[in-house]
**Student:** 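The structure follows.
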Amino acid sequence: MESERSGRTEDTAGRPAGDGRTDPATEAFVAHRNLLFTVAYEMLGSAADAEDVLQETWLRWAGVDLGTVRDRRAYLVRITTRQALGRLRTLGRRRESYVGPWLPEPLLTAPDVAEDVELADSVSMAMLLVLETLTPTERAVFVLREVFGLAYDEIAEAVERTPAAVRQVAHRARAHVAARRPRGAVSPAETRKALDAFRRATETGDLQGLLDVLAPDVVLVGDGGGVRQAVLRPVVGAGKVARLVVAGLGRITAAVSLRPAQVNGCPALVLRLDGAIDSVLAVRIDDGLVTGLYAVRNPEKLSHMREETALRR
């Protein structure tokens, strides 16, 4: 996408087509691009839609008189939030007709994301699913306040509410999330331990091994998007989930590999068939046991598993 500034053409990555220099607007956008993508992704759960929001943000930012902008970072976050809010309301209607359960788009992330514990928690599959239960405004306020630490008056400008109203929304959203998020902090080491046990049991067809690592009320959610075969309704219960996993992999005739990866800042598993990515399996861990299994098979959601995505706060 392109826009005209100062008589030359630039794209959203900030690469000028002319003399090799970038103007202040482009420099500011590029400097904060990873932050803006993270804001949009946490609000939408979709990398593809987050990229579209960034393009829309750039178009609006390119026309702004920078002389009137006191804080460029805050201004860019405000534009991004408003664009993401509009898209989130549209996505809600689109997801009503989605075939089967909808899961967030997984991202292959660098180790530095996992090192930022709060960021990793906020982009985890489990947390993004909790955020899906908020209203669009609640989600925006929660993300901007709890993840990015914006002041209430800044958030108020972004969501076009009064600071007092934003405080009320933030309180309501925090209580809503607290009641639904994982019951305790889980370290990456604990997650890896549970995932390793799950992987070993899966690869060997060890039904009892799976039952030992799955919580009694574990839930398996699959997202094939109507393109790939996946469970059309959540499967609940350790016995049902374990038997489904063992039977499903047992029917595969292709060369299968199940390998660990950092996905959305957390340990996860990537299933490859004949070397090609088939599924991404993220987990939710509570009290050392797997309480949630999230299998993304929709190929349209796997494009960001080929290279690492930079996330920033």
Side-chain angles (χ1 to χ4, degrees), residues 37-57 80-107 122-144 146-147 158-161 169-170 172-182 217-237 240-241 244 263-264 278-284 291-305 309:
F37 175 85
T38 308
V39 170
Y41 177 73
E42 292 209 27
M43 287 185 60
L44 301 169
S46 164
D49 287 296
E51 292 287 0
D52 288 344
V53 163
L54 257 62
Q55 291 185 357
E56 293 161 2
T57 298
T80 300
T81 301
R82 289 178 179 173
Q83 296 307 311
L85 271 172
R87 185 164 290 256
L88 186 57
R89 295 184 177 107
T90 301
L91 288 177
R93 294 189 293 271
R94 190 193 309 169
R95 288 171 190 169
E96 291 175 0
S97 60
Y98 194 81
V99 178
W102 180 94
L103 289 174
E105 185 175 348
L107 305 176
S122 71
V123 297
S124 69
M125 192 73 71
M127 179 55 76
L128 290 176
L129 286 172
V130 172
L131 296 182
E132 283 292 313
T133 64
L134 297 172
T135 68
T137 300
E138 286 173 342
R139 186 167 184 168
V141 170
F142 182 87
V143 167
L144 294 179
E146 300 302 314
V147 181
V159 300
E160 298 179 295
R161 299 283 186 94
V169 172
R172 187 167 64 245
R174 275 196 299 269
H176 184 97
V177 170
R180 292 162 178 81
R181 73 190 310 164
D217 57 350
V218 62
V219 178
L220 167 64
V221 182
D223 180 347
V227 181
R228 294 282 180 84
Q229 185 177 2
V231 292
L232 294 177
R233 289 179 298 277
V235 179
V236 182
K240 290 181 180 179
V241 171
L244 179 64
V263 176
N264 288 51
D278 175 84
S279 311
V280 172
L281 188 66
V283 296
R284 169 172 168 162
T291 56
L293 283 166
Y294 313 110
V296 181
R297 293 200 72 204
N298 185 347
E300 294 179 1
K301 292 186 175 183
L302 300 178
S303 61
H304 280 74
M305 289 299 300
T309 297

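For this chain, numbers begin at 1 and follow the sequence in order. Bear in mind the structure is a predicted one, so any value in this text is a computation, not a measurement.
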**Student:** Can you name the salt bridge (Lys or Arg N to Asp or Glu O under 4.0 Å) partners of E51, sequence neighbours left out?
**Tutor:** R33
**Student:** Among all residues two or more places apart in sequence or in another chain, which pass the side-chain hydrogen bond (donor to acceptor under 3.5 Å, both in side chains) test with D49?
**Tutor:**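 Here the qualifying residues are S46, R87.
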**Student:** Excluding sequence neighbours, so at least two apart, what forms side-chain hydrogen bond (donor to acceptor under 3.5 Å, both in side chains) with T133?
**Tutor:**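 side-chain hydrogen bond (donor to acceptor under 3.5 Å, both in side chains) check on T133 returns H176.
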**Student:** Taking only residues two or more places apart in sequence, or in another chain, which ones meet R94 in a side-chain hydrogen bond (donor to acceptor under 3.5 Å, both in side chains)?
**Tutor:**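 Partners of R94 by the side-chain hydrogen bond (donor to acceptor under 3.5 Å, both in side chains) criterion come out as none, since no residue qualifies.
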**Student:** For R89, check salt bridge (Lys or Arg N to Asp or Glu O under 4.0 Å) against everything at least two apart and list the hits.
**Tutor:** none
**Student:** Under 3.5 Å, is there a donor-acceptor pair linking the side chains of D223 and Y98?
**Tutor:**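 Indeed, the side chains of D223 and Y98 share at least one donor-acceptor pair under 3.5 Å.
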**Student:** Check side chain to side chain contact (heavy atoms under 4.5 Å, CB included) between A295 and all other residues, then give those that pass, not counting sequence neighbours.
**Tutor:**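 By the side chain to side chain contact (heavy atoms under 4.5 Å, CB included) rule, A295 matches L281.
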**Student:** Partners of R95 by salt bridge (Lys or Arg N to Asp or Glu O under 4.0 Å), sequence neighbours excluded?
**Tutor:**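 Here the qualifying residues are E132.
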**Student:** Once side-chain hydrogen bond (donor to acceptor under 3.5 Å, both in side chains) is applied, do any residues pair with Q83, and if so which ones, sequence neighbours excluded?
**Tutor:**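 Q83 satisfies side-chain hydrogen bond (donor to acceptor under 3.5 Å, both in side chains) with no residue once adjacent residues are dropped.
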**Student:** Check whether any side-chain N or O of N264 sits under 3.5 Å from a backbone N or O of L107 as a donor-acceptor pair, and report yes or no.
**Tutor:**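 A pair under 3.5 Å: yes.
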**Student:** Going by the rule side chain to side chain contact (heavy atoms under 4.5 Å, CB included), which residues pair with S122 if we only count those two or more places apart in sequence or in a different chain?
**Tutor:** E42, L119, V147
**Student:** Check side chain to side chain contact (heavy atoms under 4.5 Å, CB included) between A170 and all other residues, then give those that pass, not counting sequence neighbours.
**Tutor:** V141, Y152, R174
**Student:** Tell me which donor-acceptor pairs under 3.5 Å the side chains of residues 99-106 have, and how far apart each pair is, sequence neighbours excluded?
**Tutor:**
residue	atom	partner	partner atom	Å
E105	OE1	A47	N	2.9
E105	OE1	A48	N	3.2
E105	OE2	H304	ND1	3.3

**Student:** In chain order, what residues pass the salt bridge (Lys or Arg N to Asp or Glu O under 4.0 Å) check against D278, with sequence neighbours excluded?
**Tutor:** R228, R297
**Student:** In Å and rounded to the nearest 0.5 Å, what is the NZ to CG distance from K240 to L220?
**Tutor:** 12.0 Å
